[in-house]
Number of protein chains: 2
Amino acid sequence: METFTVTVTEMPGKVYGQYREGEIMTTIKDIARISGYSIGTVSRVINNRADVSEETREKISEIIRERGYQPNSNARKLKQVISSEVSIIVRGNKNVFFESILEEIQIMMRGYDENINVHFIGETDNEVATAVRTVSYIKPKGIIFLGGYIDNFRDEFSQINLPCVLVTTDARDLGFENLSSFTTDYYDAGKYAVNKLLSYGHTRIGILGGYSSNRSREHKNGKIIGAVEALDRQGIPFDFDRDYEPCSYSAESGYEAAVRLLGRSPDLTAVFAISDSIALGALRALKDIGRRVPEDVSVIGFDGLTYAKYSIPRLATIRQDTATLAKKCVDDLLLRITYGGPAVHELIPYEFIEGESVAPVRQ
Amino acid sequence: METFTVTVTEMPGKVYGQYREGEIMTTIKDIARISGYSIGTVSRVINNRADVSEETREKISEIIRERGYQPNSNARKLKQVISSEVSIIVRGNKNVFFESILEEIQIMMRGYDENINVHFIGETDNEVATAVRTVSYIKPKGIIFLGGYIDNFRDEFSQINLPCVLVTTDARDLGFENLSSFTTDYYDAGKYAVNKLLSYGHTRIGILGGYSSNRSREHKNGKIIGAVEALDRQGIPFDFDRDYEPCSYSAESGYEAAVRLLGRSPDLTAVFAISDSIALGALRALKDIGRRVPEDVSVIGFDGLTYAKYSIPRLATIRQDTATLAKKCVDDLLLRITYGGPAVHELIPYEFIEGESVAPVRQ
DNA sequence: ACCGTTACCGTAAACGTTTCCATATAGTGA
DNA sequence: TCACTATATGGAAACGTTTACGGTAACGGT
């Protein structure tokens, strides 16, 4: 699941064991020798180039098949100006949503017979800079960025001149001609979630998540901005100090944050959690502090992960369309890799999933 | 999160965009030129070799630092007999437990400043063969296998002559001197889980999970073998056709399997699910078919993942000690990589986590 | 019969490293 | 002073590919 930045220093010391000679390693030279053709011709067959007669192509392919030969990808990447792989850079550690969309992308890429390599970078890294360096030697033919705030792309991105896609953030404003972006309209979805709660008569609504400790209106998280905006429209100013509790994207931290939030603001009748894992932790927390869901407190989540479908009570949530997100992103990238063309920016529709965790406010 | 097997054929077609010249790529040649030393000396500095004077080591290191140079790992791996990376091969798609232990390993490796690369292989592949081929060009200095039935290692493993670790399966019997193994004692744990249920007076116990469709006593899954054994000891023969429902490691499939199982055997008063995700799906299923947990049916899970702690009702489960598992496995591998030594096989203790999902059988 | 194409194929340089070998210099003991 | 060793460095081959370039053979048109 991970490739780290290559470290310069290496633990000295003997190394025991290595591959047995000749058992595993077959090289293009072997294929050439066996087939009686030159290395160059074999290479052309491997890479499906023209300039090879159908007959020799067949013969060589046959030998490659029966020897189970596979080109050494390191040598390939070393020589090729551009490798045949797509790099995927995932930000953050335990983000279930990213894992989920990553899986979709993997499956899709596999379907297209495209090779990918995936790099995980921490939440704290100056991500893009790190990532660019990390993948620069792989020479991918394109990069997919999963997550990351737009600011981090602003400066660093000019280094890259490859087709890229950013998922989960709208990069329209950046204006890079090689960077497409696909994302749920978080702003709108956050607004929708809160409006839903408002429509049930809730006015005391808390927000859970968004792990910058930024307790202000300048919050970077679109979901939160939208939520606050929805409240504003109803003349309900949001008090970050009182009704907002930041936490990371996990049930653990959702649990703790919920305890803190409800401890501080016991009169809240609804909570908007910006991820399902946070919401699930909150559900449990509410149970433990003796608040019934949805009778006392309504909870609405975000993402629409599978676990939400199986929670008790079933979680109401905003479902992001991971399938479409993944498909758009992969298709756009491969298209632009092959045919060029301008970057596109698209907002993918979300969907509200009804659940047992929301109910009208009690009179 | 993934590297696929390298495909031989490549989509022909133009490729747009590449790295800007000189902006990103710094080579060892550049460092040599700038420092005035030869390539060989720079390489020796990079690899911390002895034969370099302290003075030049300093000078060259300084230049490396200020240029932000990092060796091209492809070139390295191409040339090195053994690379500086550890390969990790993960089997199966949506196994939350593996993801969890993988994360522990990642963190640990990062702490040791070791580089890893991770490969995911399907559940259906002839895994080891595929995996060996996949990593053979990376020339890792060691391999960690996450999951996989022992039979798959029997033949294929003789190809590899590197320090390896198998997690989640006891490889003692195989007798490969380069293959260590660490695992929870699934057999014992399965027995424990069922004994727990038996101690609460349950006699009609169902089993959920184990996705071979093998409905017999020759089941390969240790947890299930142990569970059946525990029942046998009490003179309760287990009827696979009636009280066993196979499913994969997900909440979805746990839900469906539970519906089928309880539909077929409505008199069951307890269910042992061989993973927490399955158990969580089962909890929801029981709710939906109108069976209360734990009043009507007790449920016990397996793994001790974080979600179990936050479910409603809180799930009783067998916790695998992922931290220890990961630590043993990493430490053993690195030790054997550096100093050699024999492979070891160890069973890691598990722990029963009390929960709200089990209760004495109703009279 | 000649030349120009075209189709096919081989040769060799290059990618960025590591490492073996050779060399140069400095330091040592006689 | 003379080997001799130790230490530090440079040079160059090699890892397994890709690809630009050149060459050969066959063929068609004049």
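Only a predicted model underlies this, so the values are computations on that prediction, with no experimental measurement involved. Residue numbers start from 1 in every chain, and the chains themselves are labelled A, B, ... in the order their sequence lines are given, proteins ahead of strands.
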Position toward the 5' end of DNA chain D (nearest nucleotide), B:Ala75 or B:Ala50: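 Its nucleotide being nearer the 5' end, the pick is B:Ala50.
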Residue met sooner reading DNA chain D from 5', once A:Val42 and B:Val42 are mapped to nucleotides: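 In this pair, the answer is B:Val42.
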Atom [atom1] of [X] to atom [atom2] of [N]: distance rounded to whole Å?
X       : N      : atom1 : atom2 : answer
B:Lys79 : C:dT17 : NZ    : C1'   : 8 Å
B:Glu54 : D:dA6  : CD    : P     : 21 Å
A:Ile39 : D:dT18 : CD1   : P     : 11 Å
B:Lys77 : D:dA14 : NZ    : C1'   : 19 Å
A:Leu78 : C:dT18 : CG    : P     : 12 Å
A:Arg49 : D:dT18 : CZ    : C1'   : 8 Å
A:Asp51 : C:dC8  : CG    : C1'   : 7 Å
B:Arg33 : D:dG10 : CZ    : C1'   : 17 Å

Check whether any side-chain nitrogen or oxygen of [X] sits under 4.0 Å from OP1 or OP2 of [N], and answer yes or no.
X       : N      : answer
A:Ser38 : C:dT11 : no
A:Arg44 : D:dT18 : no
B:Thr56 : D:dT9  : yes
B:Asn47 : C:dT18 : yes
B:Arg76 : C:dG16 : no
A:Tyr69 : D:dT17 : yes

side-chain contact (heavy atoms from CB on, under 4.5 Å) partner of B:Pro163, the single match among B:Leu333, B:Asn178, B:Leu335: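 Single side-chain contact (heavy atoms from CB on, under 4.5 Å) partner of B:Pro163 among B:Leu333, B:Asn178, B:Leu335: B:Leu333.
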Short side-chain to backbone donor-acceptor contact, B:Asn47 and B:Arg49, under 3.5 Å: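 A pair under 3.5 Å: no.
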Pairing of B:Asp331 and B:Lys327 as salt bridge, 4.0 angstrom limit: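 Result for this pair is yes, salt bridge flagged.
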Selection from [options] that lies nearest to any side-chain heavy atom of [X]:
X       : options                : value
B:Ser43 : C:dC15, D:dC15, C:dT18 : C:dT18
A:Thr27 : C:dC9, D:dG10, D:dT17  : D:dT17
B:Lys29 : D:dG10, C:dC15, D:dC15 : C:dC15

Within-4.5 Å side-chain heavy-atom neighbours: A:Leu146 and A:Ile89: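 They are not in side-chain contact.
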A:Glu62 atom CD, over 12 foreign heavy atoms within 6.0 Å: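 It does: A:Glu62 CD has more than 12 such atoms within range.
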Touch class at under 4.0 angstrom, heavy-atom based, for B:Ser53 against every strand present: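 Sugar-phosphate, no base atom in range.
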